[in-house]
Amino acid sequence: MTHIHSRRAVLGAGITLAGGGLLAACSSGRDDTSAGGHPAGHRSGSDDGSAGEGPADQKIALTAAATRLDLGAGRTVRSWAYGDDLPGREIRATAGDTLAVTLANHLPQATSLHWHGIALRNAMDGVPGLTQRAVKPGASFTYRFAVPDPGTYWFHPHSGTQQDRGLYAPLIVEDPKEPLAYDKEWVVVLDDWVDGVDGSTPDAVLAELSKGMGSGSDEGMDHGGGHGGQGGGNGGGHDGHDMSGMAAPAAPAAPAAPDAPRRSPDPTGPSRMLMGATSELLGGDAGDVAYPYYLVNGRSAEDPQTFRAKPGDRIRIRFVNAGGDTAFRVALGGHSMTVTHTDGFPVTHARTDALLLGMGERYDVLVTAGDGVFPLTAVAEGKRRAARALLRTGGGAAPAPSARPKELDGRVLTADRLKAAEGVRLTRREPDRTVTLRLSGSMAAYDWAINGKRYDPAERLPVRSGERVRLSFVNGTGMWHPMHLHGHTFALPGGGPRKDTAIVRPGETLDVDFDADNPGLWMIHCHNVYHAEAGMMAVLGYRD
């Protein structure tokens, strides 16, 4: 379970080891009183990954292994995780620190670690077949890198559909000159969950989706585009992002109500294909997968985590969307939120009733706690289900799991409404180069791609070191895509926030700018796990 820290406890906290997971040295300060450019030349096996960094400020051990996870309310599942916690134990560091994280792979598949949002050196980025060889079963690999910027980050595999299991955890980088004042801090990780439920696995979900819905099944199910690589995806466990052996589209499937399982073509579990989920905020279709559970910090809505505070406490909440196919609309009942950061970087403060987070996005907010018991509700946007936690500052009964805070229907903030804080704005400069990324594909054929091509690590989008680069995401599909750039942050238009992941709505174009100041081979991809594995990934590359 994610740690809950008091303001006094978090700064400068070190980390010690506890079995296969992590135990924060500041755990005595917890306030939670509830239950809870580089070719693939790095060898698998023991490798200290030490070139280019000084001595580590923290040495951390992670073990990826099969385990049983408790989702609350009597539901346990077999999955893969880092230790026995969901999310995995957070890593906490201070900006400028060097981390040495040794990953031991006890899984039956090869794996990896990607440090989402960190502008680290390319050899440590954790993309098998591009920046490293996958960490094979029984082997280990040490990721050694500096964390240059404070903020809210997280880590997960970049190997097949593994992120849609329990293999993820927060990485919080403290600011040694923290400008915000607050009494408590929570890290809130949102997730959609399918692994181990009634025989389902993410690989089986991908195999079902890859057969497509069929172009004649329902007009609303053809998500546009239709041009791109051949349809399908690799439904079995595979090493890294090997896109070979992708399945051909299947016969048309009958439409169903949102979240209504159909008879599965796969004997390993019920159908998880979702039809009819829509959202105005996302511009139409909301998602492909009907998850049986939606979680806050690994707990279901029926057995939520409880955060405790005193009335009047000023609380910093760090939100992370670790989901595979779900955007979350989040609100704290009875409270407004002041947004202070997105994707780790500060913004001009903005008040809102609710937030929309695409997969991979992070937001930091401040709230002043009221007196009572309040639901922290994360609605699975367009999917008619929700996750939740509770804030308790006094007595009284908790609201029912079905309670819907009115704030969810109030002001809903999206990243395009924010402005970067003055100290992190990109300098005014015309782009030296524009890289156009045409997002294509459809649910009918499940042929998601960039520039009409499925992911091929040998193909590079070239830029030059020192250039101001404009990425032009042109979404020709009928579905939204959270697009993520590795190794850099980009700026949204018009002085917008610095981000590494941004929602591109269907039929729209989003232009973002970044400075090519971190040479290497860097992934650009949709952070919908299943879209990425179907082929919506590309590589941007440049040398120093």
**Student:** Would you please indicate if the ring centroids of Y294 and W193 are separated by under 6.0 Å?
**Tutor:**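 No - the distance between ring centres of Y294 and W193 does not fall below the 6.0 Å cut-off.
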**Student:** Can R314 and D183 be counted as an ion pair, charged N to O under 4.0 angstrom?
**Tutor:**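 Salt bridge absent between R314 and D183.
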**Student:** Pair R351, M337 - check side chain to side chain contact (heavy atoms under 4.5 Å, CB included), show working.
**Tutor:** CA-CA 6 Å; R351 289 176 66 85; M337 299 182 285; over 6 Å; no
**Student:** With the threshold set at 4.0 Å, does a side-chain nitrogen-carboxylate oxygen contact exist between R272 and E208?
**Tutor:**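 No, this pair does not count.
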**Student:** Any carboxylate oxygen within less than 4.0 angstrom of a Lys/Arg side-chain nitrogen, looking at E381 and R329?
**Tutor:**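 Salt bridge between E381 and R329, a charged N being under 4.0 Å from a carboxylate O: yes.
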**Student:** Mind checking what makes salt bridge (charged side-chain N to carboxylate O under 4.0 Å, His left out) contact with D313, not counting sequence neighbours?
**Tutor:**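 Testing D313 for salt bridge (charged side-chain N to carboxylate O under 4.0 Å, His left out), a comparison that skips the adjacent residues, returns none.
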**Student:** Is it true that K383 and D325 have a side-chain N and a carboxylate O under 4.0 angstrom from each other?
**Tutor:**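 Result for this pair is yes, salt bridge flagged.
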**Student:** Give a yes or no answer on whether the side chain of H527 reaches the backbone of G358 with a donor-acceptor pair at less than 3.5 Å.
**Tutor:**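 It does not hold such a pair.
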**Student:** So does S336 get a backbone contact from the side chain of D353, meaning a donor-acceptor N/O pair under 3.5 Å?
**Tutor:**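 Answer holds: no.
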**Student:** Does the plane of the ring in W115 sit parallel, tilted or perpendicular to the ring in Y143? Use 30° and 60° as the thresholds.
**Tutor:**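 W115 vs Y143 ring planes: perpendicular.
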**Student:** Please find the pair of heavy atoms, one from A286 and one from W480, that lie closest to each other, and give the distance.
**Tutor:**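 That closest heavy-atom pairing would be O-NE1, 3.1 Å.
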**Student:** Looking at T161 and D164, would you say the former's side chain and the latter's main chain have a donor-acceptor pair under 3.5 Å?
**Tutor:**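 Between the backbone of D164 and the side chain of T161 there is no qualifying donor-acceptor contact (under 3.5 Å).
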**Student:** Any side-chain donor paired with an acceptor under 3.5 Å for H481 and H531?
**Tutor:**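 Yes, side-chain donor-acceptor contact under 3.5 Å.
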**Student:** Under 4.0 Å between a Lys/Arg side-chain N and an Asp/Glu carboxylate O for R68 and D84?
**Tutor:**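 No, no charged N to carboxylate O under 4.0 Å.
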**Student:** Which heavy atom of R165 sits nearest to which heavy atom of P202, and what is that distance?
**Tutor:**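 So the two residues come closest at CG-CG, 3.8 Å.
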**Student:** Checking side-chain contact (heavy atoms from CB on, under 4.5 Å) between V330 and each of T377, L376, V379, which is the one that passes?
**Tutor:**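 Result: among T377, L376, V379, L376 is the only option passing the side-chain contact (heavy atoms from CB on, under 4.5 Å) with V330.
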**Student:** Give me the ring orientation class for H525 and H158: parallel if the planes are under 30° apart, tilted from 30 to 60°, perpendicular past 60°.
**Tutor:**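 It falls in the perpendicular class, over 60°.
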**Student:** Name the atoms and distances for all side-chain donor-acceptor pairs under 3.5 Å in residues 493-506, with sequence neighbours left out.
**Tutor:**
unit_1, atom_1, unit_2, atom_2, d
R498, NE, T489, OG1, 3.0
R498, NH1, V424, O, 2.8
R498, NH2, T489, OG1, 2.7
K499, NZ, T342, OG1, 2.9
K499, NZ, D343, OD1, 3.3
K499, NZ, D343, OD2, 3.1
K499, NZ, E361, OE2, 2.9
K499, NZ, T501, O, 3.3
D500, OD1, H116, NE2, 3.2
D500, OD1, R362, NH1, 3.0
D500, OD1, H484, ND1, 3.4
D500, OD2, R362, NH1, 3.3
D500, OD2, R362, NH2, 2.9
T501, OG1, H116, NE2, 3.2
T501, OG1, H484, ND1, 3.1
R505, NE, E508, OE2, 3.2
R505, NH1, E280, O, 3.1
R505, NH1, L281, O, 2.5

**Student:** I'd like to know if the side chain of R388 and the backbone of Q305 have a donor-acceptor N/O pair within less than 3.5 Å.
**Tutor:**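 Not at all, since once roles are kept as given, no pair shorter than 3.5 Å links the two residues.
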**Student:** Using only atom types and a distance under 3.5 Å, with no angle test, would you say the side chain of N105 pairs donor to acceptor with the backbone of V135?
**Tutor:**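 Checked: pair present.
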**Student:** Could you tell me whether the side chain of S200 and the main chain of V197 form a donor-acceptor pair under 3.5 Å?
**Tutor:**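 A pair under 3.5 Å: yes.
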